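As structure tokens, the structure follows; a few thoughts come after it.
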Amino acid sequence: MADDKKLVSAITSMEDDFAQWYTDIVKKAELVDYSSVKGCTILRPYGYAIWENIQRIFDGMIKETGHENVAMPMFIPESLLQKEKDHVEGFAPEVAWVTHGGSEKLEERLCVRPTSETLFCDHFAHIVQSWRDLPKLYNQWCSVVRWEKTTRPFLRTREFWWQEGHTIHATKEEAEAETLQQLDAYETLCRDYLCMPVIKGRKTDKEKFAGALDTYTIEAMMHDGKALQSGTSHFFGDGFSRAFGVQFADKNNKLSFPWQTSWGISTRLIGGIIMTHGDNSGLVLPPAVAPIQVVIVPVAMHKPGVLDKAREIAAQLKAAGIRVKLDDSDQSPGWKYAEYEMKGVPVRLEIGPRDIEKNSCVLVRRDNREKTFVDLDQLNTAIPEMLEAFAQAIYKKAKDNLDSNIVTATNLDEMKAAIADKPKFVKAMWCGEESCELEIKEKTGMPSRCMPFEQEHISDVCACCGKPAKKMVVFGIAY
RNA sequence: CCAGAUGUAGCGCAGUUGGUAGCGCGCCUCGUUCGGGACGAGGAGGCCGUGGGUUCGAGUCCCGUCAUCUGGACCA
């Protein structure tokens with residue numbers, strides 16, 4: 001009987017069906033609900049709270065480096081979108097259009113922003129006149145719309161929430177430094193807060209952002225060996241400035257075009273967290289972004305003193321700055337254990353009559369279910385220590401997964417063989433020709449992910465054509 | 001966009017050759033419980049995704065459409 005119920009409520013195991021496992025977690029951890037528009041999901045309170053924590057952390061980071069938040073309109077006139085040729089060609093196929101306002105047919109149709117470069121450029125043209133006006137370090141938190149063909153919660157939705165930074169600088173060097181600084185900020189966010197190791201590098205010309213001179217990326221590896229592009233940072237050169245007529249007078253009163261960047265991370269990161277840390281009991285959340293860091297489960301809570309003690313502990317932890325939830329609902333303890341494991345809460349605190357007698361409680365870690373008996377007087381130090389150890393442990397696990405799923409290959413056959421059983425990152429040398437990149441994609445199924453900053457010498461020649469190699473490239477199957 | 005699958009109660013499903021809808025979980029009430037998804041007794045809840053068609057009669061057959069899932073192509 002008990003076993004039957006477990007079967008009913010259990011999620012699909014990731015070994016059986018990774019995609020279904022992912023979908024099960026998304027639903028059962030109450031992160032999203034589907035809406036009545038395809039590809040547009042509702043972020044439920046628990047899912048949105050994770051995003052709020054990511055926002056809070058990253059917003060703090062960019063404020064530290066002098067960025068300011070703004071809010072741009074969500075509509076872009078068609079003529080504005082078309083000013084930069086590469087940009088519009090890249091995005092046109094997936095923009096949504098507004099043709100009517102109420103009963104009025106619009107003279108010029110408006111697209112719902114797929115990204116806001118054009119809006120920022122148009123604005124910069126209004127406000128930038130002099131070198132004294134530079135740089136502008138802007139960012140906005142918003143949602144954008146891209147009419148994707150197939151959609152999956154967090155990973156690919158038609159509307160998604162993100163931040164987009166847009167900066168404009170007097171010199172090329174300054175803009176390039178900004179591009180890399182923000183890429184580093186993304187790496188820090190992923191590594192130190194989301195416990196996700198990433199590979200940092202530059203995109204090939206084929207894979208770079210529409211309108212960018214250089215696109216940089218952080219690539220994370222999921223449990224199943226697939227890649228997730230987790231953040232990108234673009235250097236635009238002065239191409240957008242020229243297209244939009246943004247000019248400034250330098251100190252010698254000479255007119256020149258300023259240099260621009262843009263960079264973004266999105267709610268896709270939540271999908272990355274799920275597929276990096278989750279297990280067959282559900283979600284596993286990094287403490288820094290977990291909406292609940294410690295859940296208190298009272299045992300035999302009808303017995304005198306139990307609930308009072310649980311409330312006392314909750315108040316104490318809250319005062320210590322820990323995000324804590326006391327679940328005093330009338331579900332059984334076992335039900336609560338399973339529920340908060342599904343929701344990925346890092347630490348569970350059990351408190352019952354037997355503990356109270358000993359002035360202690362039980363702490364259980366979500367990642368390994370290790371139980372520790374802790375004196376109640378020690379909680380304020382024991383819990384932060386456990387959260388820190390937890391964060392390090394899940395980072396290490398993710399790092400091990402990354403390290404053990406990167407292989408090298410010197411030719412197409414080796415590349416194919418490397419991913420025969422499961423997807424991996426494959427490092428291979430490349431001559432720099434797009435034709436080879438295309439051929440590799442066609443013959444191995446793997447597009448290039450990036451040219452890592454940390455280059456290695458695997459061989460002298462391109463894995464595809466055998467001509468002298470210029471770069472080591474990481475290839476992989478991506479979400 | 002292409003291919004396959006699926007839409008029946010909140011969730012998971014059953015529903016026979018077409019005859020007017022059922023099970024488990026969940027939910028509500030009361031009681032007993034509480035250290036790994038507790039138990040009993042009552043109870044509420046469904047235009048069978050949606051629009052047409054065939055038929056005396058459609059959850060069931062036919063056509064369209066929408067959504068979701070899976071896999072491709074495309075992309076944060």
Side-chain angles (χ1 to χ4, degrees), chain A residues 1-12 17-20 22-24 26-28 30 33-41 90-95 114-115 143-164 186 203 207-210 215 217-220 227-234 262-272 281-282 297-303 306-307 328-342 348-356 361-362 364 369 371 373 441-442 445 447 477-479:
Chain A
M1 189 65 192
D3 283 337
D4 287 345
K5 274 176 192 162
K6 263 186 186 172
L7 284 176
V8 167
S9 55
I11 57 173
T12 309
D17 184 344
F18 193 78
Q20 190 59 49
Y22 177 84
T23 307
D24 284 354
V26 160
K27 286 194 289 196
K28 296 214 171 171
E30 300 183 339
D33 188 25
Y34 295 105
S35 79
S36 51
V37 177
K38 174 183 164 67
C40 295
T41 52
F91 279 101
E94 54 184 19
V95 295
T115 178
S143 71
V144 291
V145 170
R146 299 179 189 179
W147 218 251
E148 302 287 352
K149 308 263 167 71
T150 56
T151 59
R152 302 188 64 190
F154 295 121
L155 300 174
R156 177 158 295 102
T157 48
R158 285 181 172 173
E159 180 180 20
F160 58 93
W161 287 266
W162 76 342
Q163 63 64 221
E164 47 178 327
Y186 289 153
K203 286 285 188 188
E207 298 288 332
K208 73 187 185 189
F209 181 83
T215 289
T217 178
I218 50 171
E219 299 284 329
L228 188 73
Q229 181 171 318
S230 303
T232 50
S233 187
H234 315 291
S262 82
W263 26 275
I265 49 169
S266 72
T267 40
R268 170 182 273 189
L269 281 174
I270 298 173
S281 300
V297 177
V299 177
M301 63 181 184
H302 64 288
K303 299 236 168 101
V306 172
L307 210 43
D328 58 0
S329 70
D330 60 2
Q331 298 287 5
S332 71
W335 186 93
K336 291 174 187 174
Y337 299 164
E339 174 69 9
Y340 293 100
E341 281 171 8
M342 182 63 69
R348 176 173 80 235
L349 190 158
E350 301 173 17
I351 179 91
R354 300 208 299 258
D355 305 301
I356 293 171
C361 66
V362 184
V364 186
R369 295 195 190 182
K371 290 194 174 188
F373 294 84
K441 186 180 171 185
E442 197 177 310
I477 298 168
Y479 272 98

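On a predicted model such as this, the values are computed, not experimentally measured, just so you know. So you know, we letter chains A, B, ... as the sequences are listed, proteins then strands, and number each from 1.
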For this session: Start with the C-alpha gap between Lys203(A) and Glu219(A), add the side-chain angles, then the distance that decides, and say whether salt bridge (charged side-chain N to carboxylate O under 4.0 Å, His left out) holds.
Result: CA-CA 10 Å; Lys203(A) 286 285 188 188; Glu219(A) 299 284 329; 3.0 Å; yes
Seminar exercise, completed: Quick note, Ser332(A) side chain, CB onward, closest among C69(B), G37(B), G35(B) is G37(B)
For this session: Once you apply the 3.5 Å cut-off to both distances, tell me the Watson-Crick or G-U wobble partner of U32(B), or none.
Result: A38(B)
Exercise. Taking atom types as modelled, is there a side-chain donor on Asp17(A) or Thr12(A) under 3.5 Å from an acceptor on the other?
Worked result: no
Exercise. When you measure from the side chain of Pro153(A), which nucleotide among C34(B), C74(B), C69(B) comes out closest?
Worked result: C69(B)
Exercise. Below 4.0 angstrom from OP1 or OP2 of A76(B), is there any side-chain N or O of Lys203(A)?
Worked result: no
Problem set entry | Closest listed nucleotide, where the reference is the side chain of Ala19(A) and the choices are U70(B), A76(B), G36(B) | U70(B)
For this session: For Thr23(A), report the nucleic acid contact type (base, sugar-phosphate, nothing); a contact means any heavy atom under 4.0 Å.
Result: sugar-phosphate
Problem set entry | Selected nucleotide, minimal atom distance to Ser266(A) side chain, candidates C1(B), A76(B), G37(B) | A76(B)
Seminar exercise, completed: To the nearest angstrom, the NZ-C1' distance between Lys371(A) and G35(B) comes to 6 Å
For this session: Determine the interatomic distance between P on G53(B) and the same-named atom on A58(B); round to the nearest Å.
Result: 12 Å
Problem set entry | Under 5.5 Å and under 30°: His302(A) stacked on C34(B) | yes
Exercise. Does G12(B) have OP1 or OP2 sitting under 4.0 Å from an N or O in the side chain of Gln20(A)?
Worked result: no
For this session: Remember a base hit wins even if backbone is also touched, and classify Arg158(A) as base, sugar-phosphate or nothing at under 4.0 Å, heavy atoms.
Result: nothing
For this session: Could you work out which one of C34(B), C74(B), G36(B) sits closest to the side chain of Tyr337(A)?
Result: G36(B)
Exercise. Just how far, in rounded Å, is C1' of C34(B) from NZ of Lys303(A)?
Worked result: 8 Å
Seminar exercise, completed: Whole-Å distance, Met342(A) CE to G26(B) P, equals 15 Å
Exercise. Which is true for Val297(A) with a 4.0 Å heavy-atom rule: it touches a base, it touches only sugar-phosphate, or it touches nothing?
Worked result: nothing
Exercise. In the structure shown, which nucleotide is the Watson-Crick or G-U wobble counterpart of A44(B), with both distances under 3.5 Å?
Worked result: none
Problem set entry | Whole angstrom value for the distance that separates C1' of C74(B) from CD1 of Ile477(A) | 16 Å
Exercise. How would you label the contact of Arg152(A) with the nucleic acid (heavy atoms, under 4.0 Å): base, sugar-phosphate, or nothing?
Worked result: sugar-phosphate
For this session: Measure the distance between the ring centre of Trp335(A) and the centre of the six-membered base ring of A38(B), then answer whether it is under 5.5 Å with planes under 30°.
Result: no
Exercise. Hey, are the side chains of Val306(A) and Pro353(A) touching, using non-hydrogen atoms and a 4.5 Å cut-off?
Worked result: yes
Exercise. Below 4.0 angstrom, N of the basic side chain to O of the carboxylate: do Arg348(A) and Glu350(A) qualify?
Worked result: yes
For this session: Please check if the distance between the ring centroids of Tyr337(A) and Trp335(A) is under 6.0 Å.
Result: no
For this session: Indicate, with a heavy-atom threshold strictly under 4.0 Å, whether Gly39(A) touches base, sugar-phosphate, or nothing.
Result: sugar-phosphate
Seminar exercise, completed: note: Asp330(A), atom CG; G37(B), atom C1'; distance rounded to Å ~ 14 Å
Seminar exercise, completed: When both distances are under 3.5 Å in a Watson-Crick or G-U wobble arrangement, the nucleotide paired with G19(B) is C56(B)
Exercise. Counting any heavy atom closer than 4.0 Å, what does Leu228(A) reach on the DNA or RNA strands: base, sugar-phosphate only, or nothing?
Worked result: nothing
Exercise. When all nucleic acid strands are considered with a 4.0 Å heavy-atom cut-off, which category describes Thr151(A): base, sugar-phosphate, or nothing?
Worked result: sugar-phosphate
Problem set entry | Integer-rounded Å distance: G71(B) C1' and Lys149(A) NZ | 16 Å
Exercise. Within the pair Lys38(A) and U68(B), is there a side-chain N or O less than 4.0 Å away from OP1 or OP2?
Worked result: yes
For this session: Would you classify Gly264(A) as touching base, sugar-phosphate or nothing, given that sugar-phosphate means primed atoms plus P, OP1 and OP2, and contacts are heavy atoms under 4.0 Å?
Result: nothing
For this session: Nearest-nucleotide wise, let me know which of Tyr22(A) and Ala338(A) is further upstream toward the 5' end of RNA chain B.
Result: Ala338(A)
Exercise. If you check every side-chain atom of Lys27(A), which of G37(B), G71(B), G12(B) has the closest atom?
Worked result: G12(B)
Exercise. Checking all strands, does Gln229(A) fall into the base, sugar-phosphate, or nothing category for heavy-atom contacts under 4.0 angstrom?
Worked result: sugar-phosphate
Exercise. Considering every strand shown, what is the Watson-Crick or G-U wobble mate of G7(B) when both distances are under 3.5 Å?
Worked result: C66(B)
For this session: Report the distance from atom CD of Glu148(A) to atom P of A67(B), rounded to the nearest whole Å.
Result: 15 Å
Exercise. Base, sugar-phosphate, or nothing for Glu94(A), non-hydrogen atoms under 4.0 angstrom?
Worked result: sugar-phosphate
Exercise. Less than 4.5 Å apart, any side-chain heavy atom of Ile265(A) and any of Gln163(A)?
Worked result: yes
Exercise. Counting any heavy atom closer than 4.0 Å, what does Pro353(A) reach on the DNA or RNA strands: base, sugar-phosphate only, or nothing?
Worked result: base
Exercise. Rounding to the closest angstrom, what is the interatomic distance between C47(B) and G37(B) at atom P?
Worked result: 36 Å
Problem set entry | Residues Thr157(A) and Arg146(A): side-chain donor-acceptor under 3.5 angstrom | no
For this session: Would you indicate what Asp355(A) reaches in the nucleic acid, counting non-hydrogen atoms under 4.0 angstrom: base, sugar-phosphate, or nothing?
Result: base
Exercise. When rounded to the nearest 0.5 angstrom, what distance separates NE2 in His234(A) from OG1 in Thr217(A)?
Worked result: 9.0 Å
For this session: Using the closest heavy atom to pick a nucleotide of RNA chain B for each, name whichever of Tyr34(A) or Glu339(A) lands nearer the 5' end.
Result: Glu339(A)
